[in-house]
Structure formats: C-alpha cells, structure tokens
Amino acid sequence: MNTLKGTLVVLAVTLFFASCSSSVKITGEKPGTANTKGLKDYYKDFFPIGVAVAPRMLHGEDSALIVNQFNSLTAENAMKMGPLHPRENEYFWKDGDSIAFFAKKHGLRLRGHNLCWHAQAPNWMFKNANGDTVTKEVLLQRLKDHITTVVKHYKDYVYGWDVVNEAIDDRENVFYRPSAWYRICGEEFIAKAFEYAHAADPKAVLFYNDYNTENPKKREKIYQMVKKLKEAGIPIHGVGLQGHWSVNNPSREELEKSIKMFSSLGLQVQVTELDVSVYAGRQGGQLIQGQRRDSASAFTPEMEEQQREKYKMAFDVFRQYKGKLTGITFWNLSDRYSWLDGRGRKNYPLLFDTNRQPKKAYWDVVRFDAAK
Ligand code: 9MR
C-alpha cells in the first residue's frame, strides 16, 4: 500500500513538472529551442526568410537554430564555380549536396548561389593546355557546360539561381567590371549565362545579384543592363540586392528607390545577403583606406543602437514592399561567425549574438503591427 502511495506521489510530481515544461515550450519565445516562433513564422504572410550556411552548420546548435528560425537556405560558398568545379573534368558535389539534402529534409527552400562570378572562379576556366587565355568560343562553351551540369544536378532542390553576380563596376565612369569573363567575352557572357540556366531548368527563377544596389550611380547602371536584357527577351526574372549594409547606409529613401526601380521592370526583388556591419564604411562596412584596423572590437551600446535603427528601418520597408519582395536572406547565422570578421576586428552584423541568442534588433524586427 505504502509503495503504491509512493508511486502515486512520484507520478503526480512527474506529471506536474511535465506539464510545466510543456507549457514553457508552447508559450516561450526563446528562439533556438523547439516549438517557439522563428523569423519565418513572424514573416509567414510576407516572404520567406533565409540564411547562408556552410556544411559544418548542419549539425548541433547551429542546425537547431536554422530550422527553428528560417525557411530558406543559400550555400555561402559550396555551390560556387571554384568549389564545385575545381578541374575541367571534375565536380565536387559533397558540400553542396549536404546543404541540398538538409533543405529537402527540413522542408526549406533553397536558393542557388551562384553560376557566374569574377571571384571564386577556377583558374583553369580561362586557360588552355598551354596556359594561354582561351577564346570567347571556348569560354562560352565551358560556361555552358558548367551551368548546364550544375543547374540540372540541383534541379529538384533549387528553386532559383543567382545566375550572374556582380558584373557591374563600382567606379562611376566604368560600366561593366573588367573581369576575365568580360575581357574575353564582352557583355555577351551575361545574356548567355541566363539562357544556359533557363535551358537547363525552365522553371528556375533567375536573378542578377549585386551589392551597392542603393548607390544611385550603380543602381542606374544595373537598371540599364537589366532593362536591356529584358527587352532582348533574355530569361531574367529577378534582381538580388545583396544587402551588405552598415549602420550608416543605405537610407530608407535609397532602399525604397531600388526596390521600386527594379520591380517596375516586372522583376521580383530579393534581399539576398543581408547583414548590417557595425562599422561605418563602404560595402558591408569594409575597411576604408587609412581606417585603423585595431579599433575597438567590442559590440558597444552605440553600435547596438545604430544597428537596431538600421534593421528596424529595413524590415519596415521590406514589409511595405511585400509582393514585390519575394525573399530576405541573411548572410550567415549568428555573430559567432561572419564573413566580415577577420579584417583585423570582430563584427556583429546579424540578429543572433555569439551565443546564438536573439539580439535586441531581433525583437525590433519581429515585433511589428501587422495591420499597418
Ligand atoms: O561569405 C563568402 C566568403 O566566405 C568567401 O570567402 C567570399 C569569397 O569571395 O565570398 C563570400 O560571399 C560573397 C558572396 O558570395 C557574393 N557577395 C559578397 C559576399 C561577401 O563577400
């Protein structure tokens, strides 16, 4: 009898604690734990929210945070030309595939990044067996082979591709970036890349993707190029604003103008690589010449305030342009790691801190008046 009484007491106590912990799970708002709301849930009526990842993040705490918060992925590096196609007759699929399988397994969308870029392109692409620069015909054939193989490989996983990345120059008086692609092929490589991608997967949404898209001069050049492609019947469907911003740029006006201008061409717009550097500066808050590298690398209250303002403004604008904007993707997951680190100072550009906990800016982004 006593034993039964004891068992009942233990059972009652167990049930009490179980009910407490399950109610915490359901009502709790602590991102990173199961059954709580994530960015993707707050924004479910607006657009998918994505994150750029590396294969090492598909395990443990990073992966839990990804699945809890996001509903779209981009491979930070694994699907770029150099990593995927190191030698002419050799593809390396393992890393890209691990991201594609993870996305499929968890029901996440997947953006393909990218098919043609001046950086991270393998050297062999531009050289023949003697080490001489290849002709335009050879290079376009190689580009076609690469794009066809990669787009077909990921056809059942990737819904859209950044087809050409960063082809426009930052200098005011130079239109196209004088990359190896441009020097060998002229501007034609851009249209060709879109045609090859479309032929390989007619359903894929195809983007031109660039940074500094809120700079009036660069925006105008991108607009002219994209307009010309559209008018020539080239299969281009969207423009990616990378969104490597900083605490002092862009302004609300310039951001709105970019969204309006590109969508006026009948193109969808996505923010493809969002982060807000805590350092004032050019693209992504990169060091400006002469700027001290050893400046304090703590996340100061002043940086935090400025960053909150920028994130709040950006998401206000994003919500306002729902329908024209079809996705927002962060470039990296938490301040634990960002591509902006390692320039002689630590950066804190994301919505999750180095312990993967939401920053104040996170709450600014998710607490909004849906009726507005
Ligand atoms: O985040 C990427 C970093 O790990 C790579 O070393 C770098 C190589 O140049 O590319 C970074 O990602 C870039 C993206 O592919 C295109 N837009 C600019 C991004 C930051 O440089």
Side-chain angles (χ1 to χ4, degrees), residues 50-58 62 66 70 72-86 92 95-96 98-99 110-123 125 146-147 150 154 158 160-170 177 179-181 190 193 197 206-215 218-219 222 238-246 249-250 258 269-279 281-288 327-352:
V51 60
V53 298
R56 64 168 191 283
M57 296 157 69
L58 307 178
D62 279 342
I66 292 168
F70 300 92
S72 178
L73 294 185
T74 303
E76 182 183 5
N77 288 299
M79 294 187 188
K80 290 172 180 172
M81 192 181 268
L84 262 192
H85 200 170
F92 175 76
D95 287 355
S98 66
I99 294 170
L110 182 59
R111 297 190 86 251
H113 177 83
N114 59 55
L115 297 171
C116 182
W117 190 25
H118 64 278
Q120 282 178 299
N123 288 335
M125 183 62 70
H146 174 82
I147 290 182
V150 172
Y154 287 118
V158 165
W161 280 96
D162 291 326
V163 178
V164 175
N165 203 35
E166 303 171 8
I168 295 293
D169 207 278
D170 287 297
R177 180 190 292 274
S179 65
W181 299 107
I190 301 169
L206 304 181
F207 290 86
Y208 173 74
N209 189 47
D210 213 331
Y211 62 86
N212 278 352
T213 44
E214 298 69 42
N215 171 299
K218 192 165 177 190
R219 175 174 57 216
I222 297 172
V239 174
L241 317 179
Q242 290 188 2
H244 291 299
W245 295 332
S246 75
N249 76 71
S258 296
V269 177
Q270 291 201 3
V271 178
T272 54
E273 307 184 15
L274 180 59
D275 46 24
V276 177
S277 168
V278 295
Y279 302 104
R282 287 180 310 195
Q283 189 223 345
Q286 288 174 19
L287 282 178
I288 296 173
I328 306 294
T329 298
F330 286 86
W331 206 246
N332 301 137
L333 179 62
S334 76
D335 289 348
R336 186 167 278 257
Y337 159 77
S338 151
W339 72 284
L340 289 165
D341 294 336
R343 290 153 199 267
R345 59 189 181 182
K346 171 93 188 121
N347 212 317
Y348 304 86
L350 299 157
L351 291 185
F352 297 96

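Note that the structure is predicted; figures quoted are calculated from it, not measured. Positions are given from 1, in the same order as the sequence printed here. Counting starts at 1 for both ligands and their atoms, following the listed order.
Between His113 and Trp161, the gap from one ring centroid to the other reaches at least 6.0 Å.
Partners of Asn114 by side chain to side chain donor-acceptor pair (under 3.5 Å), not counting sequence neighbours: none found. Not counting sequence neighbours, the partners of Ala167 by the side-chain contact (heavy atoms from CB on, under 4.5 Å) test are Val164, Phe189, Ile190, Tyr208.
Of the listed residues (Lys80, Met79, Gln120, Glu273), the one carrying the non-hydrogen atom nearest atom 11 (C) of ligand 1 is Lys80. When Trp339, Trp117, Trp331 are checked for heavy-atom proximity to atom 12 (O) of ligand 1, Trp331 turns out nearest. Of the candidates Asn77, Asp210, Asp275, Thr74, Asn77 brings a heavy atom nearest to atom 5 (C) of ligand 1.
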Original post:
Glu76 and Asn332: side-chain hydrogen bond (donor to acceptor under 3.5 Å, both in side chains), yes or no, with the steps?
Top reply: CA-CA 8 Å; Glu76 182 183 5; Asn332 301 137; 3.2 Å; yes

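When each atom of ligand 1 is checked for a heavy atom of Asn165 under 4.0 Å away, the hits are 16 (C). Close approach to Glu166 involves these atoms of ligand 1, each under 4.0 Å from a residue heavy atom: 16 (C), 17 (N), 18 (C).
At a threshold of 4.0 Å, the pair Asp210-Lys218 counts as salt-bridged, since one of the basic side-chain nitrogens sits closer than that to a carboxylate oxygen.
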